[in-house]
A.B. asks: 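Pasting a structure below so you can have a look.
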Amino acid sequence: MCITGTGWTTALGDDVDAVWQQLMNGRSGVRSGVRSLPGDGGPAAPAAAFLPDGGPSGPPSERQVSLAVTTATAALRDAGCPAADVGTLVLGSSLGPHLDDAADISPHTLTATVAERLGVARSASVSTACSSGADAVLAGAALIAGGEADRCLCGGIDLLTEGKLLGHRALGTLSASGTVRPFGTDRDGTLFGEGAGFLLLESRASAVARGARILGEVRGWGASNDGTGPTAPDETGSGAVLAVRRALARAAADARDIAVINAHGTGTRANDTAEAACYRTVFGPGSDAVVFATKPAFGHTLGATGALEAIALLLALRHRAVPPLPTTRTVMPELPLALAADRPRDITGSLGISLTLGFGGFNTCLLLERAEGEAA
C-alpha cells in the first residue's frame, strides 16, 4: 500500500516539515497552567498540548469536523489528489465530541459529516480508544488489499474537552510533574494533547496510473486485544507481542529487519512496562532498532495519536534519523533497545513500526517502509 500524501495538525503547528524539524530540535508543544474546570474548581491537568492558535471555534462537534476537514484537505493537497477521486474516508476518534456536545454527536455522525464536506462518497468510522488513528490506517490498508478500494484517506482526530480531561484525571493517568518521560525511571504519567493526522493510501496500480509521488509504503499491520481490563494493559506485553508479530508476518519481515520503532511511550508506569516487555520478547537485547516517541512534544492525542505517529515514523524513515526525548533522563533498565533520549540518532535500514496500546486492550502495529526517492 503506497502512502502518497500526509497532513497533520499538532501542538507544534501544521507544516509537516517544519514540525519535524522542531521535533528534531527537541521542542515541545506542552504548556503548563491548564485552566481549571467547572465543578470542583481544580485543574484539569498540570499541563497539556493544545493547538497553538486555539484551533477551530464553535461547539465541540463543529470544532472536530472543521479540524478534520482542514487537515484531510492538506493531506490531499500533498498527494495532488482531489477528494472526488478518493473512494473512502476512514476516520478514527476516541469518542469524538460525544461526551461534551449538547447535540450528542456520535463518532459515526462526525465521520459522515467530514466525508460530506470533503466530497468523499463513502466513509467508515473507527473508535478503538487510543488505537483509533492507527486502526483507521489499518482498516484503509485492508480495504485496498482486499480490492474494496483503490484509494483511502485515513486519519485520526481528537480535541481536548472538559469531559475527556476530567475523565482521565479521575483515572489517575496524568503526570503530576507536568512532564511526559517515556521509558524513564522517574516517569509518573502522561499529558494530553489535541490534533489530527491523515494519510492517503493507494494501491500501487492507482499511484502508478496517476503518476503519484510515493512517500513510503504500509507493508504490514497487526492488531490484538489483550482483554485485561478497561484501562490497564497486560503488563506481560503479550497482546502487544501478538500485534507486532502479525504485522511482521504480513510484511514477510523479521524483527531483525526493523530499524526504528515509534513507541506508544505514554510515560505511565503500566503502559511503559508492558511496552518494554513486548520489545524484550520480540526484539531482544541484540536488536539495532532505535526507539523514539512523540508524546513529550504532542501530548497524548487520544484517537489522533496513531495517525500522527505513523506520519512521524514515515518522516524518520525518510530522513534516516529520529528525534530526541530530552525529558527522559534515565532510561528504565527493562527497555532492551536504544532510546534516542539525549540527542537525535541516525538510523539505518528501511523498515519501521509504530505501536499503539489503547484503553480496553486495543493493540495495533503498523509496519512502514521507506520509499527510495520513488516516483510512480
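Just so it is clear, the values below take in all heavy atoms, side chains as well, and ignore hydrogens, waters and symmetry mates.
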A.B. asks: Do you know which two heavy atoms are closest between A79 and L200, and how far apart they sit?
C.D. replies: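 Shortest heavy-atom contact: CB-CD2, 3.5 Å.
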
A.B. asks: Just checking, any donor-acceptor pair under 3.5 angstrom between side chains of R181 and T330?
C.D. replies: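 No, no side-chain donor-acceptor contact under 3.5 Å.
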
A.B. asks: Mind running side-chain hydrogen bond (donor to acceptor under 3.5 Å, both in side chains) on R122 and T88 for me, showing each step along the way?
C.D. replies: CA-CA 5 Å; R122 188 171 66 163; T88 305; 2.9 Å; yes

A.B. asks: If two hydrophobic side chains count as joined below 4.5 Å and joins carry through other members, does L153 share a cluster with L110?
C.D. replies: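 The answer is yes; both residues are in one hydrophobic cluster.
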
A.B. asks: Can we say R151 and D85 salt-bridge, meaning some charged N sits less than 4.0 Å from an Asp/Glu carboxylate O?
C.D. replies: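 No, R151 and D85 are not salt-bridged.
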
A.B. asks: Side-chain heavy atoms under 4.5 Å apart, restricted to Ile/Leu/Val/Met/Phe/Trp/Tyr: what other residues fall into the cluster of V282, or is it alone?
C.D. replies: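 Members besides V282, by chain and number: F183, V241, V244, L248, I258, I261, Y279, F283, V291, L325, V331, M332, L335, L337, L339, L351, I353, L355, L357, L367.
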
A.B. asks: Should R343 and D346 count as an ion pair when the cut-off is N to O under 4.0 Å?
C.D. replies: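 D346 and R343: not salt-bridged.
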
A.B. asks: Given the rule in the salt bridge (Lys or Arg N to Asp or Glu O under 4.0 Å) test, do R204 and E217 qualify, once you have shown the distances and angles that lead to the verdict?
C.D. replies: CA-CA 9 Å; R204 184 163 291 274; E217 187 174 353; 3.5 Å; yes

A.B. asks: Is the count of non-hydrogen atoms from other residues, nucleotides or ligands lying under 6.0 Å from E334 atom CD greater than 12?
C.D. replies: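 Counting neighbours around CD of E334, more than 12 heavy atoms of other residues, nucleotides or ligands fall under 6.0 Å, so yes.
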
A.B. asks: Between T294 (side chain) and A297 (backbone), is there a donor-acceptor pair under 3.5 Å?
C.D. replies: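 Checking the backbone N and O of A297 against the side chain of T294, no donor-acceptor pair under 3.5 Å is found.
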
A.B. asks: Considering residues, nucleotides and ligands other than R256, do more than 12 of their heavy atoms fall under 6.0 Å from its CZ?
C.D. replies: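 At most 12 heavy atoms, drawn from other residues, nucleotides or ligands, come within 6.0 Å of this atom.
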
A.B. asks: Test your reading of the model: is there a side-chain donor-acceptor pair from D15 to the backbone of A18, 3.5 Å cut-off?
C.D. replies: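 Yes, D15 side chain to A18 backbone: donor-acceptor pair under 3.5 Å.
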
A.B. asks: Distance-only, no hydrogens or angles: does the R320 side chain make a donor-acceptor pair with backbone N or O of I347 under 3.5 Å?
C.D. replies: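 Such a contact is absent between R320 side chain and I347 backbone.
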
A.B. asks: Using modelled atom types and a 3.5 Å cut-off, is there a donor and acceptor pairing between side-chain atoms of N25 and backbone atoms of Q21?
C.D. replies: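 At least one qualifying donor-acceptor pair exists.
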
A.B. asks: Test your reading of the model: is there a side-chain donor-acceptor pair from R246 to the backbone of A223, 3.5 Å cut-off?
C.D. replies: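 Side chain of R246 to backbone of A223: a pair is present.
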
A.B. asks: Can you list the other members of the hydrophobic cluster that holds V126, where links are side-chain heavy atoms under 4.5 angstrom apart?
C.D. replies: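 Via sub-4.5 Å side-chain contacts, V126 links to V90, L143.
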
A.B. asks: Ignoring hydrogens, what is the shortest heavy-atom contact between T364 and A134? Give both atom names and the distance.
C.D. replies: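 Closest heavy-atom pair between T364 and A134: CG2-CB, 3.8 Å.
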
A.B. asks: Please check if F359 and F362 belong to a single hydrophobic cluster, counting links between Ile, Leu, Val, Met, Phe, Trp and Tyr side chain heavy atoms closer than 4.5 Å.
C.D. replies: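 Result: no, two separate clusters.
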
A.B. asks: Considering only heavy atoms from C-beta outward, does the side chain of E62 approach that of P59 to under 4.5 Å?
C.D. replies: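 When only atoms from C-beta onward are counted, P59 and E62 do touch, with a gap below 4.5 Å.
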
A.B. asks: Applying salt bridge (charged side-chain N to carboxylate O under 4.0 Å, His left out), can you list everything that pairs with D78, at least two apart in sequence or on another chain?
C.D. replies: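 For D78 the salt bridge (charged side-chain N to carboxylate O under 4.0 Å, His left out) partners, ignoring immediate neighbours, are R213.
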
A.B. asks: How many angstroms lie between atom OG of S224 and atom CG of N363, to the nearest 0.5 angstrom?
C.D. replies: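 Between S224 OG and N363 CG, I get 3.5 Å after rounding to 0.5 Å.
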
A.B. asks: Can you check whether L160's main-chain N or O pairs, donor with acceptor, with E194's side chain at less than 3.5 Å?
C.D. replies: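 A pair under 3.5 Å: yes.
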
A.B. asks: For the side chain of T6 and the backbone of A75, is there at least one donor-acceptor N/O pair under 3.5 Å apart?
C.D. replies: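 A pair under 3.5 Å: no.
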
A.B. asks: Using modelled atom types only, decide if a donor and an acceptor are shared between the side chain of Q22 and the backbone of L12 within a distance under 3.5 Å.
C.D. replies: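 Pair found, side chain donor or acceptor close to backbone of L12.
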
A.B. asks: Between S123 and T111, what is the shortest heavy-atom contact and its length?
C.D. replies: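 For S123 and T111, the tightest heavy-atom pair comes out as CB-CG2, 3.8 Å.
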
A.B. asks: For C130 and G358, which heavy atoms make the closest approach, and how far apart are they?
C.D. replies: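 What the structure gives for the nearest pair is CB-CA, 3.8 Å.
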
A.B. asks: Evaluate the side-chain proximity of F50 to F192: yes if any heavy-atom separation is below 4.5 Å, no if none is.
C.D. replies: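 F192 does not reach F50 side chain to side chain.
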
A.B. asks: Would you confirm whether R370, through its side chain, and L317, through its main-chain N or O, come within 3.5 Å as a donor-acceptor pair?
C.D. replies: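 Here the side-chain-to-backbone pair exists.
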
A.B. asks: Taking all non-hydrogen atoms of both residues, which atom of H300 and which atom of T266 are closest, and how far apart?
C.D. replies: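 Distance-wise, the nearest heavy atoms are CD2-CG2, 3.8 Å.
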
A.B. asks: Examine the side chains of D158 and T301 and answer whether a donor and an acceptor come within less than 3.5 Å of each other.
C.D. replies: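 There is no such pair (donor and acceptor under 3.5 Å, judged by atom type) between the side chains of D158 and T301.
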
A.B. asks: Can you name the closest pair of heavy atoms from D53 and G55 and give their distance?
C.D. replies: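 Heavy atoms of D53 and G55 come nearest at OD1-N, 2.9 Å.
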
A.B. asks: Has R27 got more than 12 heavy atoms of other residues, nucleotides or ligands less than 6.0 Å from its CZ?
C.D. replies: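 Open: at most 12 neighbouring heavy atoms sit under 6.0 Å from CZ of R27.
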
A.B. asks: Has D288 got more than 12 heavy atoms of other residues, nucleotides or ligands less than 6.0 Å from its CG?
C.D. replies: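 Check fails, neighbour count at 12 or below.
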
A.B. asks: Report yes or no: does S354 contribute a side-chain atom to a donor-acceptor pair with the main-chain N or O of L313 at less than 3.5 Å?
C.D. replies: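 No: the side chain of S354 does not pair with the backbone of L313.
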
A.B. asks: Taking atom types as modelled, find out whether T305 and E309 have a side-chain donor-acceptor pair closer than 3.5 angstrom.
C.D. replies: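 Indeed, the side chains of T305 and E309 share at least one donor-acceptor pair under 3.5 Å.
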
A.B. asks: Are the charged groups of E202 and R210 less than 4.0 angstrom apart, N to O?
C.D. replies: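 Yes, charged N to carboxylate O under 4.0 Å.
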
A.B. asks: Are V16 and I3 connected in a single hydrophobic cluster, I mean Ile/Leu/Val/Met/Phe/Trp/Tyr linked by side-chain heavy atoms less than 4.5 Å apart?
C.D. replies: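 Same hydrophobic cluster.
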
A.B. asks: Hydrogens and angles aside, do S93 and S132 bring a side-chain donor and acceptor to less than 3.5 Å of each other?
C.D. replies: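 Looking only at side-chain atoms, S132 and S93 do not form any donor-acceptor pair under 3.5 Å.
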
